[in-house]
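Just below is one structure, and these are the notes that go with it.
Hydrogens, waters and symmetry mates play no part in the numbers below; they use all other heavy atoms, side chains included.
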Amino acid sequence: MAGIFRTIYDWLLRLFWATEMDVTMIGLQNAGKSSLLRVLAGGEFTIDSIPTIGFNTKKVQKGHVTLKCHASTRATYLLGIIRYIVDAADQPALPVATEELHDLLNKPSLEGIPLLVLGNKSDLPNKLSVDEIIEEMDLKSITRREVSCYGISAKEETNLDAVLHWLIARASR
């Protein structure tokens, strides 16, 4: 019986207090943006994913919040919160990812937009820890916006609930 009330409650929340939020996922090729997007939208993780060309969009429903998630290697599509995805196991690519991120954050049109850095592939050996990502990407130097960093694994679905909660908390503001 409690399940029926929960379903009705969730439906009423979506009907009267629905919130939509645009979230852009940006990162270097092969960081796992599309895989993460597919898993968040309720799909299965696949190892042999074809690289995305252009723009990939999916909707993720969580309670009364709908996240319109966009994945791209290009920063021309920025909307809402910036989610920058890095491959935590590809340490040689980190300097390029760091440079691209800091260049992106210097755009006046993006001033103040919250930043969520996700170190994907945390299930792999020799991956960087969250503290190492923060240090290597010089995230502490970013001061005029909210910045958070999580280690995740799209494959193992590690920390994805924490990421969704972080995003939903910002949708309510």
I'd like to check L116 versus Y150 (side-chain heavy atoms, cut-off strictly below 4.5 Å). Are they in contact?
yes

With a 4.5 Å limit on heavy-atom distance, are the side chains of L115 and L101 in contact?
yes

May I ask you to decide if L139's main-chain N or O and H102's side chain share a donor-acceptor pair within less than 3.5 Å?
no

What verdict does the side chain to side chain contact (heavy atoms under 4.5 Å, CB included) test give for D87 and L28, after you've listed the backbone C-alpha separation in whole Å, the side-chain angles of each residue and the deciding distance to 0.1 Å?
CA-CA 8 Å; D87 183 339; L28 300 181; over 6 Å; no

V117 side chain reached by M137 side chain, heavy atoms, under 4.5 Å
yes

Would you say the side-chain atoms of N120 pair up with the backbone N or O of A154, donor to acceptor, closer than 3.5 Å?
yes

Residues in side-chain contact (heavy atoms from CB on, under 4.5 Å) contact with L124, at least two apart in sequence or another chain:
A89, K121

L160 and L36, any side-chain heavy atoms less than 4.5 Å apart
yes

Around atom CG of D103, are there more than 12 heavy atoms of other residues, nucleotides or ligands at under 6.0 Å?
yes

Quick one: which residue pairs count as a salt bridge (Lys or Arg N to Asp or Glu O under 4.0 Å) with a foot in residues 123-134, not counting sequence neighbours?
none

Inter-residue atom distance I134.CD1 - L128.CG, 0.5 Å rounding
11.5 Å

Determine the minimum heavy-atom distance between I133 and C149, stating which atoms define it.
CG2-SG, 3.8 Å

Does any part of the side chain of R83, heavy atoms only, come nearer than 4.5 Å to the side chain of W166, both counted from C-beta?
no

Looking at S122 and G151, what are the two nearest heavy atoms and their distance?
OG-C, 4.2 Å

Return yes when atom CD of Q91 has more than 12 non-hydrogen atoms of other residues, nucleotides or ligands closer than 6.0 Å, and no otherwise.
yes

Can you run down the salt bridge (Lys or Arg N to Asp or Glu O under 4.0 Å) pairs that involve residues 135-144, sequence neighbours left out, and say none if there aren't any?
none

Closest approach of A97 to V86 (non-hydrogen atoms, all atoms of both residues):
CB-CG1, 4.0 Å

Hey, does the side chain of R145 reach the backbone of L105 with a donor-acceptor pair shorter than 3.5 angstrom?
yes

